[in-house]
Structure formats: C-alpha cells, structure tokens
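Because the structure is a prediction, the values reported are computed rather than measured.
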Amino acid sequence: MTPWLRRQRALADYTLASLARRKGKNIALVAVYAIVVFVLASAMFFAASLRLETSAVLRDAPEVTVQKITMGRQDLIDGAVADEIGKIRGVTSAKPRLWGYYYDRIVGANYTVMVPDDPEMIPEPGSVIVGEGIPRARGFKWSGAPLFLSRYEGDLKRFNVARAFESDSALMTSDLMLMNETDFRDFFEIPAGLYTDVVATVRNPNEVATIVEKGSNALPQMRFVTRSDIERTYQKLFDWREGLLAALAAAGILAFVIFAAEKASGLSAEEMREIGILKAVGWDTRDVIAMKLWEGGLVSLGAFLLGTVTAFAHVFFFGAPLFAPILKGWAVIYPDFALAPHVDGLELLTLALLTIVPYIAATLVPIWRVASGDPDAVMR
Amino acid sequence: MITLTSVTKLYNEGRPNEVQALKGIDLEIARDAITVLKGPSGSGKTTLLSIVACMARPTTGRVTLDGEVVSGLPERFLTELRRTTFGFVFQRFNLIRGLSVIENVMLPAAPLGGDHATVRERALERLAALDLADKATMPVEFLSGGETQRAAIARALINDAPIVIADEPTANLDTELTMRFLEIVRALRAEGKTVIMTSHDPRIWDAEGVDAVVEMRDGAIFGEFA
C-alpha cells in the first residue's frame, strides 16, 4: 500500500470513528437525505419506465390517425374516407375504426370501448373482452359473471365477459372493453357507415410527413395525427407528472440544503475545537479537508445509495404504491401491472451530482475557513 | 537552541478588543533541557508556548529553531514541524471525546501515511510505557485525570518528536499525580528530549531536573533562573 493510500485509510478510519460518535445525529441526517433521494429517484425510475413501456406499446400503433373535425370538435367520419386515404401513394392500408368512451355510473369509471381490428379478438354477439381493471372496478368475485351496462336511467344491457386481458399490457388495456361492430353500433346508436376515425399504415415511416401533407390537401376538413404526435403527448404527460413529483421533491431538497448549510455554516464550538486539536497535533488544512471529504462522501453517498436502492425496490418490486396515483394518472381504474426495470444512467448520474455535490460543497466551505487558520486561533 | 528575538503578539489586531499578549520577547531556550515558563494567568505563557511550537505566528519578531528561521514559514512547513518536531500536551489535554485512547494517540500519525499496524504497535508501546496499555480501547471520557494526562503525553510522543511542549500540565492534578508527571518528564529528558512547560505551580518550577525557569508578567519576561 502506498503512503497516499495508507493516509487515506487512516483518514477514513478516523472519519468512521468520528461519525460513530454522533450516531443518532448522523443516522437522522442520512435518513432525511435518503428520503429526498428516494422521492426523486422513485419519480425518475417510474417515469423512465413508463416512457419505455409507452414507446414499446406505440411501436405497433398505426402511423397515421385521421379524424373528422366539425366546429373544432371530433365528429364521426364517413367510412369512404378510408378508401380515399388508401389511394394516397405510400399508404399500405387505411381502415376505419369504431371506438368510444363509456362512463360506468355504478363505479364512476370511464371505459374505452373498441371494435377490434384483429378478427381473433372480435367477441361473440352479446359478449365483451375486458381489460383487467374492469372486473376489478366492478368487484367481480368469479369468472363468468355477466357485465351489466346502463347508458341512462332505466336502461340495462347485459354482456357476457368472454375473457380479460393479461396485466402485461395493463397500462394501455386496463380500462379497455372490446365489442363486435353490431353490438357497438347498437350500444352507442351509431348509424351504419359512420366511424370514430380512420387509421392508416405507411410503408416507409420517412414518408409520413409527405402523406399527411397530401392527405391534408385532399381532405382539408380532416385532422391527421401521427404516431410520433401521440408518443410525444404521452412522453410530455409522463414528463409533466414526473415534474410534479420532482417539484415536490425540490421543496424537500431546498429544505435539506438549508439544513445542510445551517449545519455546515454554524460549526459548533466542539467541531471548531476538534479541528484546532487536529491541526495542533500535526494535521494540515488539506488533511482536515480530506477527512471532511470522507465524511461528506460517506454521508452523501451512503444516503444516495440507500435512497436509490429503496426507490428501485419501491418502484420495480412493489409497484410504487406511494406515488402511483400521481404518476399513473387520476382515475378510478388504475392499471395493475409490473414495470419493467429500466434505469436511465444519465438521469441517475444527474441525480447523484445534484444531491452529493451540493452537500459536500455546503459542508466543506466553512470547514476550509476554520481549518485554514492557525491552530492556536482555532482553539481560542 | 530555540531563539526568540523581539517577539510580539497581538490578538484582534486593529479591532477595539485588541490585546497585546507578548511585548518584545527576547529569549533563548536550550535543547536537551527542561525549561519552565512561569507566571500568573494572562502573563503570556501559553501564547509564547504556541509561538515556540509553531501553532501561532508572532505579529512581529523572529523565531529560530536550531538556527533556522521558522516564524515566517508557510503553513504547510509549520504543519510539517508540528508533526515531526513538536509533541504537544495541552492544558486541558484536548483529547477528542468519543474516540478511544489508542485512536487519540494515533491521531498525529494519520496524515503521515505510516503502516497502520506499525503505528498501532508504537501507540501501544507508548501507552504501555505510561501504564495505560489496558485502557487502550476505552473511550477517553472514562479516564481519570491522571490517565487522561498520560494519554495526552502518549499522543505527544507518537511521532517521536524531539521537543515536548506541555501547557499547564499539572493544573488539575493532585500532588501524587504531579510527582508522577515529573517522573515521566525526567524520563523523557533522559531519553534526550527537550521539554518546555508552562506552569504557575511551584511544585513544577522547584522540581528536581528543571534546567531553566523563565518568569513572565504582562506579556514580558520578568526574570530567568537557571
């Protein structure tokens, strides 16, 4: 071992012994610090993972969605529009879709009702396929229980639940209900030939902008929404929610910084005396600062690791029970799903820098001021 | 030889509470001797000792150690001198509470980067020589007055400093412990170390083995006795 390493070891030994002397105070400090990191890291892990999941789901979504706009609002679209869109060069297929929302007054939840495109997913007449959130919201105790839907006072429609989606896709399908076209038109009283919107797939994703331009020129009353628009909206939504939590945590950080600065700026007489003793027995300013760096490093790195690991377990093992309502959305039906562990290295590094560096800086400056004086002055 | 020439020391210089602790001190302190600075409280003994031990700089004047001027040295050189040349026993011993006796004794050796096991062994030897080996792992706040003093002496000796400085070492000790301390000082002297102490305790300056006594009053030297 080189003298430098031996010196570092001796300083670290002293720091550990010194920290152990004020066990209660230091544990409280690390705990407060770790809670701040925990809140920030939880928000970060959760949002990063949601963004990843959303991107994965949207990867298979159609490139372009066409909506009819009447008086600034989305209106039902004629199925013939799909044929016109299909004629645009570069469009592989264009299909009209039927989907809408249903407000379930019994549980106060909104369901997304769709007619599936995939023939295998089309349920029998009088049956529906539901997301995992709907039986949960309704409190179904056994499989095979019929689903009664009421559109208005005195109305009751009975559907059999053919099956429920797995929770792997719950972020997108939790509140989803699939019907066949006849049941859908009957349930929502939609005339034949009219649809909710039209979706188009494009051979070459680079041509999406050109196709949207051509389509907009040919059908000026239609709005063209691209997959990247939707993805961007989702990303912004999750960014916004993460930001909300980060803003809450920022208040925590601010409180912590004030706490750290207060602790650091007002070195107690005991600490000043200790620095004086160390200097008198032959430590120089660099030794004292190196020792305090060890102390700050051990406290902040320890708290950072504790906060991050707890946040990781909180988000990925326990499903973020503390922050899920904010991060997943305000709804009656919360998706029930396990997030795929995903850690953004750059974000984690930023978090580390934002939490470790200010703490060390806040504690180091006053130490340097005290330690750079003569030991005799320090001790008076 | 440690030589002080026209040394003055001002505290809070330029402020309303300015105090002149030393007024033009000229003094020679012999190596390989026991020197006692005596005088009442506020006479400047501790300030003079701090300047000799490179813990404070004189406001004016010059201090030389074995012919080398040390009063104008930058901080890192003064630190080097404190590490290698001086061992300091403070008035209230100034051990760090919460740490064990051996951790306190090993403190001056930490920045030198010596081998941990060797330093620990040396610390245990110093403690054994002062009858403290069995208290090595005890937190210092549980030591008696005499044990605390001996722990402080062991710490002053850990880097094998040739000059041991002690500020009012017997201020809080009874006669038996004072006699014990004087035995230790004589033993150090026999090992060839220079000992410089401050005291207003006649048991110290009248003790056998003391080579020189310097009397101070109001920041000035009042008399020197061999």
Practice prompt. For the residue pair B/Thr79 and B/Arg82, confirm or rule out a side-chain donor-acceptor distance under 3.5 Å.
Written response: yes
Worksheet, complete the sentence: So, the part of A/Ser18 with a heavy atom under 4.5 Å from chain B: the answer is backbone
Discussion item. As an exercise: rank B/Ile158, B/Asn159, B/Leu112, B/Asp115 by heavy-atom pairs under 4.5 Å with chain A and give me the winner.
Written reply: B/Asp115
Discussion item. Using heavy-atom distances under 4.5 Å, tell me whether A/Arg7 contacts chain B through its side chain, its backbone, both, or neither.
Written reply: both
Worksheet item: Side-chain donor-acceptor pair under 3.5 Å between B/Thr59 and B/Glu13, yes or no?
Response: no
Worksheet item: In chain order, what residues pass the side chain to side chain donor-acceptor pair (under 3.5 Å) check against A/Thr350, with sequence neighbours excluded?
Response: none
Worksheet item: Which region of B/Arg57, side chain (C-beta onward) or backbone (N, CA, C, O), has a non-hydrogen atom less than 4.5 Å from a non-hydrogen atom of chain A, or is it both or neither?
Response: both
Worksheet item: Any Lys/Arg nitrogen of B/Asp218 or B/Lys23 sitting under 4.0 Å from an Asp/Glu carboxylate oxygen of the other?
Response: no
Worksheet item: Is it the side chain or the backbone of A/Asp287 that comes within 4.5 Å of chain B heavy atoms, both, or neither?
Response: side chain
Item to complete: Examine whether an atom of B/Ile51 lies under 4.5 Å from a heavy atom of chain A, and if so say whether it belongs to the side chain, the backbone or both; otherwise answer neither.
Response: neither
Practice prompt. Could you tell me whether the side chains of B/Thr194 and B/Arg31 share a donor-acceptor contact shorter than 3.5 Å?
Written response: yes
